[in-house]
Structures are given as C-alpha cells and as structure tokens.
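Single-structure report; data block below.
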Amino acid sequence: SQTIHQWPATLVQPVGSPLSLECTVEGTSNPNLYWYRQAAGRGLQLLFYSVGIGQISSEVPQNLSASRPQDRQFILSSKKLLLSDSGFYLCAWREPSTGQLHEKLFFGSGTQLSVL
Amino acid sequence: GESVGLHLPTLSVQEGDNSIINCAYSNSASDYFIWYKQESGKGPQFIIDIRSNMDKRQGQRVTVLLNKTVKHLSLQIAATQPGDSAVYFCAEKGGNTPLVFGKGTRLSVIA
C-alpha cells in the first residue's frame, strides 16, 4: 500500500533562517505531489504541485519554493523565513491514473512551522 | 470571488446519533466534491468524494449528498462515535483547477 512521509513534525525557526521540508511517497510511481499550507482556523491553501520530476507549478507568489529531485520526493524550501511563513504545512499525493489533476488527494501528517 | 463555505462552524452531536455537516459552494462549474476529516495536529484524512453526475454516494457509515440546484453538499455520519470528533472540510473543483477548501466544521461527539 502507499504511504506518505513528511518531516519534521514540528519546527521552530528564527526569522531570516532557511527552510527545508521533505516529503516522500512510497508504494507508487509518478505520483502527483502537492504542498499546502493551513493557517490556524482556516482552510488549506495550495502552494505548489508537481506532475513529474523537475516539474513545479506555483499557485501563489511567496517566499517559498519547491523542488522535485526524484520521482517520489517533494521538497519545500525558503532562503529566508518570514514571520508570515508560520503555519501547518502539508504534503499530499494522488494517483495520476485516477480521475483528474487535483482530485482525491492523500495528505501527510504535516509540519507545524513556527517562525519567531 | 467564488468560494466554498460552511453553514455551521461547530456541531455537537450525542454519541449514537446521526451527524449532518453542510457545505455551500458558489461555483456553478464545480464538478467534483470531496470531504476530509482532520484530527488535531494531523493531516486531513480522505472520507469520500462525489462527482456532479451523482446526487448521492455512500461509504462506510458516511453518505455524501449533492444538490446542484442549490449548490449544497452534505456529509452524513451514521451512529456517530467519539472517534468521529474532528474538523471536517469540504472542497470542490471544476475541470483541472485546484481544490478549493472550506474553512471546516468542528464536530464534537458527546458521550
């Protein structure tokens, strides 16, 4: 069966420091991969998605970037964190053979990022 | 702009009763809808999805109803259990656009 791993679970970083969050998926090939952010008490905001290695689509302009160096690895990065980057970051994947892009996503356990 | 919203931010239900969580959407082009359950500190967990060519779909103890005429989506949970306590999100999309998530409804099950 497929599993998604996301780490770390919690992270406290100072303003201006770099960020690297990693997500890996097991048990599938060529998944669609996603990064979402969830602010407290709000819905999920799509940040980036990828349909293949090296293919990144950005949904919102921001201080973050994403990369997909391997088929089942998705990385969220920042060179210099801002206070406003605090939030709950979620990685998600989907099986591209089922339905259309952005349908039936499966989420990881999330990373709670606090920028101080 | 078009958005997905919720009728009630919180819902308290007695254990064993049925729960109904509602969601309104405004995008008439939406053709896919999905429900997630999110427990505190965890990622959203897929519950059930439905396409616009259907009015009803059932899963294990859950039913999703879609009323396209009034742009309304609901999630029914039968025989609600303490483990059902969580925040429930609806989301919708049209064509190849990304999912648009609502802000969520918190379900509290009273033992």
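Each chain gets a letter, A, B and so on, in the order its sequence line appears, and its residues count up from 1.
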TODO: Return the option, out of B:G41, B:P98, B:G43, with the maximum number of heavy-atom pairs under 4.5 Å with chain A.
DONE: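 Greatest number of close heavy-atom pairs with chain A: B:P98.
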
Side chain, backbone, both or neither: which part of [X] has a non-hydrogen atom closer than 4.5 Å to chain B?
{"X": "A:L44", "result": "both"}
{"X": "A:Q45", "result": "neither"}
{"X": "A:L101", "result": "both"}
{"X": "A:I4", "result": "neither"}

Interface moiety of [X] toward chain A, non-hydrogen atoms closer than 4.5 Å:
{"X": "B:Q38", "value": "side chain"}
{"X": "B:L99", "value": "both"}
{"X": "B:K93", "value": "side chain"}
{"X": "B:D49", "value": "side chain"}

Task: Between A:E95 and A:T28, a side-chain donor and acceptor under 3.5 Å - done: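 Per modelled atom types, A:E95 and A:T28 side chains form a pair under 3.5 Å.
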
Open item on the list: Ignoring hydrogens and geometry beyond distance, is a side-chain donor-acceptor pair present between B:D17 and B:T80 at under 3.5 Å?
Closed with: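 Note: B:D17 and B:T80 side chains miss the donor-acceptor criterion.
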
Open item on the list: Do A:V12 and A:L116 make a side-chain contact, defined as non-hydrogen atoms from C-beta onward lying under 4.5 Å apart?
Closed with: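 A:V12 vs A:L116: side chains touch.
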
Open item on the list: Below 30° counts as parallel, above 60° as perpendicular, anything between as tilted: where do the rings of A:F107 and B:Y36 land?
Closed with: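 Answer is perpendicular, since the angle exceeds 60°.
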
- [ ] Please check if the distance between the ring centroids of A:F48 and A:W35 is under 6.0 Å.
- [x]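 Distance test on ring centres: not under 6.0 Å, no.
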
Open item on the list: I'd like to know whether the aromatic ring centres of A:F74 and A:Y34 sit less than 6.0 Å apart in this structure.
Closed with: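 Not close enough - the centres of the two rings lie 6.0 Å or further apart.
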
Open item on the list: Looking at A:T10, is its backbone amide N or carbonyl O close enough to the side chain of A:Q112 to form a donor-acceptor pair, meaning the two atoms are under 3.5 Å apart?
Closed with: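 A pair under 3.5 Å: no.
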
